[in-house]
Amino acid sequence: MMLVWGLILLLVVALFIMPKRLTVRENLIMFPFVGYFAAVAHVLVGLMLDYVDFGPTKSVEFSDFALVAFAPSLIALLFLNFMKQEKHLLYVIIWTIFSFLIELLLSINGYMKHLEWKIWYSIPVYLLAFFLLQWFFQRIVRNRSQGS
């Protein structure tokens, strides 16, 4: 459980000390947007299909909620702040590897238990998620905020 809180703290610190490329408005749009989709994915894959379990018990604990609610949103904000358009594919690959390593660390630590879901299934999911995240941000959020 300390791993979860340490990860969240590390992501929050990284977000505060990194150079800011997103506006406050863009951060306020993207944080709950990503959190919502992460929560829906967790409900579908983790709770309804029971492909993965978080934490020491089968029930949803506060640390499980914090991991699902905050980690994906913080990772997404870091990704969008660091991303450069001319190196988009490289950034997607780097952040896919980073996300996979976090999942692997949670699995090795025993916090995340893969039941029906094999850990490598996550790689194409992360690739798709980062491509869609960047597309949504550039086409919907950024264009809208520049037009206002």
Side-chain angles (χ1 to χ4, degrees), residues 3-55 60 62-109 111-148:
L3 179 64
V4 171
W5 295 111
L7 172 65
I8 291 170
L9 180 64
L10 180 68
L11 292 171
V12 168
V13 168
L15 194 62
F16 278 110
I17 64 172
M18 68 169 300
K20 308 295 185 284
R21 292 196 179 108
L22 271 62
T23 65
V24 172
R25 181 183 181 278
E26 291 167 344
N27 280 303
L28 291 174
I29 291 170
M30 295 308 296
F31 190 88
F33 176 79
V34 172
Y36 172 77
F37 280 99
V40 168
H42 176 65
V43 167
L44 289 174
V45 175
L47 300 177
M48 293 177 73
L49 297 173
D50 198 29
Y51 286 177
V52 295
D53 280 334
F54 289 112
V60 177
F62 186 69
S63 61
D64 306 348
F65 168 76
L67 180 68
V68 172
F70 298 119
S73 296
L74 293 169
I75 290 169
L77 292 181
L78 288 168
F79 167 75
L80 291 170
N81 269 297
F82 276 112
M83 189 187 58
K84 294 181 182 170
Q85 281 304 112
E86 63 274 3
K87 296 181 182 177
H88 172 64
L89 181 60
L90 177 64
Y91 279 91
V92 168
I93 292 170
I94 289 169
W95 284 90
T96 296
I97 293 169
F98 176 69
S99 298
F100 178 76
L101 289 175
I102 289 172
E103 183 175 343
L104 185 62
L105 181 63
L106 289 168
S107 182
I108 290 170
N109 182 268
Y111 187 82
M112 185 173 188
K113 296 162 201 75
H114 294 83
L115 306 172
E116 297 294 320
W117 186 265
K118 304 296 181 224
I119 195 166
W120 354 103
Y121 295 175
S122 299
I123 294 172
V125 172
Y126 291 136
L127 284 169
L128 181 64
F130 284 118
F131 275 116
L132 290 175
L133 178 66
Q134 191 273 343
W135 177 86
F136 178 80
F137 178 75
Q138 290 297 330
R139 300 295 187 286
I140 309 298
V141 177
R142 176 72 38 106
N143 280 346
R144 180 82 172 137
S145 66
Q146 288 177 351
S148 305

### Message
Would you call the rings of Phe98 and Trp95 parallel, tilted or perpendicular, taking 30° and 60° as the class edges?
### Response
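Aromatic pair Phe98/Trp95 classed perpendicular.
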
### Task
Please work out which of the three classes, parallel, tilted or perpendicular, describes the rings of Phe136 and Phe33, given edges at 30° and 60°.
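Parallel, since the angle between the ring planes stays under 30°.
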
### Message
Are there over 12 heavy-atom neighbours, none belonging to Lys20, within less than 6.0 Å of that residue's NZ?
### Response
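Counting other residues, nucleotides and ligands, NZ of Lys20 exceeds 12 neighbours.
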
### Query
Is the count of non-hydrogen atoms from other residues, nucleotides or ligands lying under 6.0 Å from Tyr36 atom OH greater than 12?
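Incorrect, the count does not exceed 12.
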
#### Entry: Residue pair Leu106 / Val4, side-chain heavy-atom distance below 4.5 Å
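A side-chain contact under 4.5 Å exists here.
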
### Query
Going by heavy atoms in the side chains, are Phe130 and Ile75 under 4.5 Å from each other?
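Of all side-chain heavy-atom pairs linking Ile75 with Phe130, at least one is under 4.5 Å.
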
Return the [atom1] to [atom2] distance between [X] and [Y], rounded to the nearest 0.5 Å.
| X | Y | atom1 | atom2 | result |
| --- | --- | --- | --- | --- |
| Leu105 | Leu7 | CG | CG | 8.0 Å |
| Phe137 | Glu26 | CZ | CD | 4.0 Å |
| Ile102 | Ser122 | CD1 | OG | 12.0 Å |
| Met83 | Leu133 | CE | CG | 7.5 Å |
| Ile108 | Leu101 | CD1 | CG | 9.0 Å |
| Leu80 | Gln138 | CG | CD | 8.0 Å |

#### Entry: Ser63 and Tyr111: CA distance, side-chain angles, deciding distance, side chain to side chain contact (heavy atoms under 4.5 Å, CB included) verdict
CA-CA 10 Å; Ser63 61; Tyr111 187 82; 2.8 Å; yes

### Message
Could you walk me through whether Ile97 and Tyr126 satisfy the side chain to side chain contact (heavy atoms under 4.5 Å, CB included) test, starting with their C-alpha distance in whole Å, then the side-chain angles of each, then the deciding distance to 0.1 Å, before giving a yes or no?
### Response
CA-CA 9 Å; Ile97 293 169; Tyr126 291 136; over 6 Å; no

Do [X] and [Y] have their ring centres less than 6.0 Å from each other?
| X | Y | answer |
| --- | --- | --- |
| Tyr51 | Tyr121 | no |
| Trp5 | Phe62 | yes |
| Phe54 | His42 | yes |

### Query
Judged by atom type as modelled, is there a donor-acceptor pair below 3.5 Å linking the side chain of Thr96 to the main-chain atoms of Val92?
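Side chain of Thr96 to backbone of Val92, a donor-acceptor pair under 3.5 Å: yes, one is there.
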
### Task
Among Phe131, Phe82, Trp135, find the residue that satisfies the ring-ring contact (aromatic ring centres under 6.0 Å, His included) test when tested with His88.
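The passing option is Phe131.
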
Shortest non-hydrogen contact between [X] and [Y], atoms and distance:
| X | Y | value |
| --- | --- | --- |
| Pro19 | Asn81 | O-OD1, 4.0 Å |
| Gly35 | Ser73 | N-OG, 3.0 Å |
| Ala39 | Val68 | CA-CG1, 3.8 Å |
| Leu22 | Arg142 | CA-NH2, 4.1 Å |
| Leu15 | Leu74 | CD2-CD2, 3.8 Å |

### Task
With side-chain hydrogen bond (donor to acceptor under 3.5 Å, both in side chains) as the test, would you mind laying out the steps for Gln134 and Tyr91 before giving the verdict?
CA-CA 10 Å; Gln134 191 273 343; Tyr91 279 91; over 6 Å; no

### Pair Asp64-Asp53, side chain to side chain contact (heavy atoms under 4.5 Å, CB included): steps then yes or no
CA-CA 9 Å; Asp64 306 348; Asp53 280 334; over 6 Å; no

